[in-house]
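In what follows, every heavy atom counts, from backbone to side chain, and hydrogens, waters and symmetry copies are set aside. Within every chain, numbering begins at 1; the chains are lettered A, B, ... in the order of the sequence lines, protein sequences first and strands thereafter.
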Amino acid sequence: MKSKANKQVPKAYDHLIIEKKWQKKWAKSKIYRSKEDAEKSKYYVLDMFPYPSGEGLHVGHPKGYIATDVVSRMKRMQGHSVLHPMGFDAFGLPAENYAIKTRTNPLIAVQRNVKRFKEQLEIIGLDYDWTREINTTDPAYYRWTQWIFLQLFKKGLAFESNEPVNWCPTDKTVLANEDVEDGRCERCGTPVEKRPLRQWVLKITDYADRLLNDLDAKKSDGTNLLDWPESIKESQRNWIGKSEGAIIDFPFASTTTENISANYIILHGFEGSAESNFIPWLKSELEKKGHKVTAPELPNAFNPTEDEQVDFVLKNCHFDENTVLIGHSLGAVVAMKVLMKLNEPISGLVIVAAASDPSFFGESAKPRPFHETFKWDFDLDLIKKQANGNIAVLSDTQEEFRAKYLNHLSTQLDARLIEVRAKEEHFCALEEPEILAALHPSVKVFTTRPDTIFGVTYMVLAPEHPYVKSLLPKISNRNEVVEYIEKAKLETEMERTDAKREKTGVELKGIRVVNPANNESVPVWIADYVLADYGTGAVMAVPAHDERDADFAKKYDLPIREIKLEDKDEMIRKFGSKTIKYKLRDWVFSRQRYWGEPMPLIHCANCGVVPVPEKDLPVKLPKVVSYEPTGTGESPLAAIGKWVNVKCPKCKGKSRRETNTMPQWAGSSWYYLRYMDPKNKKALVDSKKEKYWAPVDLYIGGAEHATRHLIYARFWHKFLYDIGVTSTIEPFSRLQSVGLIMGEDGRKMSKRFGNVVNPDEVVARFGADTLRVYEMFMGPFDQQIAWSTDSMVGARRFVEKVWRLSEKVLSSAVDDINIIKIIHKTIKKVTDDINGLKFNTAISSLMIAVNELDRAESISKEQFQLLLQILAPFMPHVADELWSSLGNKKSIHISSWPEFDPKLIEDNEVNIIVQINGKMRGSFMAAKDTSKELLEETAKKVPEVMKWLTGKAIQKIVVVPNRLVSIVVGQ
RNA sequence: GCCCGGGUGGUGAAAUUGGUAAACACGUAACACUUAAAAUGUUAUCUCUUACAAGGGUUGUGGGUUCGAUUCCCACCCCGGGCACCA
């Protein structure tokens, strides 16, 4: 029993005093300021910035912040230039709803909440560089959010759409697909409605492939580009929902089509005429079949302008629901422009060798005269609609052209891409039979199972499929079909997509299609289990190989045919074309609410949508009297005449501002870039600074952001990369999700359950260092664990033990080699574990070391300082206090992180286990690297082992050096 | 239904990636110090064979591979998450 009689009475550990003292000192000495120091390697560690709610932080919030703080402190000590910033994401509904209730500007609530949040963060002793603080609601910040939107707009990635969108009747705003969970508004739980409303939409689908592929991309050293939890990558993969399959054409059976007489309009191209190329031939072929054909001579074929040609076609051609528009080369561009101006949809569009992108002129080709006289903007959704969803794209002969533009165009238009060889390059022969073949009307299906094509026994269209309307005259049970379509319209999205309910449908009697694989004619049905907005809105039904088709077939007594599966690729080659579909939808980007970034756009009667000039940014949110959403699809901003009515930046005419605002996710989609250069007035981020800090090395936050923030931010980042603002293809190299801290009752911490634990109280009672140690020690960092105030005493005891250990420090002390070894082993373990974000085991190894040191009579200053340094990230206040009491003048947090001595972490004696028939029967100590033979000899002589060996025959001995000897004996 | 995690003492968990299962901590019990309590320290604490000793069993269940499996393989059960009448 050791005596404590001679020990000095220690200074009492008073966390209240020392924590305040050190927090002040740190702020004064500016040790946490980040600098672009070319001498040092950078480390950017980022927290998902909080929404400053009125309730303040609970004890769960800081868990992630403490983790980044631990990492950031170690990296700083290791000599990195560390960027560890914090800010606030303050646009959004809670502040706005509070504003509605109290009729105060939400900014006031935001400012108050931010102040409270900062106080709460500061008492935990986090090492943020507050000079870089940002706030998404600050006009100096959202100026750049608006700037990014303008760039998206200029690149055609922001467009207006009138498609039905998700509308939340409670929050009175539209929602993105990502904001809908199980058919309900993610915020308030109200079932969403589908409403056709004019919306701004971002073309995130253009990035679907890159968003997907880069999840699994490798760096040049073979490691993953994204060091992310597999579960989050998987969520994103599921959300993007790529499926590879085929588009297969099922032509209408001749009984269906023989009497359909169409009205064909053929538009020639640049330097062409109605008498050139294949046009006269095609005209006569179609007329032979009884169709009406118009091939107008377009004005100024050698020096065409869009306005002249489009107007000419609109004036001189007749359009109705039986019209099929065929455009060759530039004529196809004219055709698409014509479609955008028609009032009613036509029957179909055939694009022969054209593109919707002006860059197809290429570097080598000389600019054509129409380069400037055509506007290369296309509303592809509108074109799709106006062409009744019936579009065929015939490939050109130039491989590069096809890969680059036509694949894209046909994907965007959901068109049939008909990959054929023209007889002459660019379809310039006098006869082009492939064009004629492409005109035969057919139903396109999307399938991932082309291998089952011989099992098709019927076809199902979505009730909304554009063909259904045009086929009505040919359907004998017309009334029944119309009734079914009407009924389907009335159903909500939730009812419609409920997989459990019984399938219903109606046959389109009189309509049949031909299976291209076996030329068999099969019936066509409509059913609401087929969705209009996925694939082509049409399904080839294979009841023998698809459960849904089987259910349907059984109910309506349709044949079920077992077949042997074919080779997928062969079937695609023979009967269809390879296609890729995504579940990801474009990002509905406007909200009909007040508290968000105004969209920097102006609507002018003459000029259309005009972007606000960059020099006029930011477009500031005006003050309003009522923040109440209108519910009409207009935001409250629409009522502020002074703000809304402006001059058009182009023609100076009367015009109106866009009154929709951006969604909550806008500001957070790029904020990590602004921390690099938060005060820059000339640019979003200075490119030198961006190159220094990018990418984020470690990003920590909640897993609930997997398919929203983390997809949106990756999308914007890639876009910013494309326009040269960012230098990396991904924003966050390494991501780690924080496991939630639950209430003591095991439920989510919430005011509602009365189980919220306030960090201020915990810090006041136990101290910030104890809170930090406790939260890091609770369990694996990414795991959800219930809070337990009782268990905090363990962390507190540990902090106190470290404090008391300082009594044993003697300058004259000579350390036992075992003590030195333990310190060095712990340095290695703690360094590795912090890098691996395994904070719980780092602390456990520190506890083991402290317990060990506690057993020693005295400790040298040298060893104790090493211990304090590796404790510093976890208990920064106590570490700095004890460090300075040892006579150090500078903060421990800017001292150099200890290196372990590899020689000191090796044991020269190891414990060798002896197993007999797989059971541990004894052990002995042996020098490291003792030979196998000697280990075997020694093992056999261990008394407890000998007992098991007597009278038994040894059958086999396995010796693993430095580990064990395993002996197998007979009966 | 498909896909990703995960399942270890009373509790949070650990296990060098195939080599002594339960480190570290909470809780509990006994003891020491104390008038007492708190604090602190010491000891014990997976489970069964009533206790010592000596053994047996044990990482969701059942099989397999192996000298040896918490770890690898197969099947199943349960919990958490993502997607979903997506063709």
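Residue P229(A) is classed as having no contact, given no heavy-atom separation below 4.0 Å to the nucleic acid. Here K801(A) lies in heavy-atom contact (under 4.0 Å) with sugar-phosphate atoms only. Contacts of V793(A) with the nucleic acid, taken as non-hydrogen atoms under 4.0 Å apart, involve only primed sugar atoms and P, OP1 or OP2. At a threshold of 4.0 angstrom between heavy atoms, the contacts of R796(A) with the nucleic acid are absent. In this structure, G241(A) reaches neither bases nor backbone, as no heavy-atom distance under 4.0 Å exists between it and the strands shown.
Aromatic pair Y484(A)/W525(A): ring centres not closer than 6.0 Å. The aromatic ring centroids of F552(A) and Y458(A) lie less than 6.0 Å from each other.
In this structure, V180(A) and E186(A) have side chains that are not in contact, with every pair of non-hydrogen atoms separated by 4.5 Å or more.
For rG55(B), one of the phosphate oxygens OP1 or OP2 lies less than 4.0 angstrom from a side-chain nitrogen or oxygen of K947(A). Distances shorter than 4.0 Å separate some side-chain N or O of R797(A) from OP1 or OP2 on rU40(B). Applying the 4.0 Å criterion to OP1 and OP2 of rA87(B), one finds that K583(A) has every side-chain N and O outside that range. The shortest distance between the side-chain N/O atoms of K503(A) and the OP1/OP2 oxygens of rC85(B) is not below 4.0 Å.
Relative to the side chain of D528(A), the nucleotides rC85(B), rC4(B), rC83(B) differ in distance, and rC85(B) lies closest. Minimum atom distance to the side chain of K919(A) is reached by rG56(B), of the listed rC67(B), rC3(B), rG56(B). Taking only side-chain atoms of T448(A), from C-beta outward, the nucleotide of rA87(B), rG57(B), rG41(B) with the closest atom is rA87(B).
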Any protein N or O atoms within reach of nucleotides 5-9 of chain B? Criterion: under 3.5 Å, listing atom names and distances.
none

Subject >> Nucleic acid footprint by protein, nucleotides 17-24 of chain B - heavy-atom cut-off 4.0 Å, B for base, S for sugar-phosphate alone >> reply: --BB--BB
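For the strand RNA chain B, secondary-structure stems (runs of at least three Watson-Crick or G-U pairs, all distances below 3.5 Å) span B:1-7 with B:77-83, B:10-12 with B:24-26, B:27-32 with B:40-45, B:46-49 with B:54-57, B:60-64 with B:72-76.
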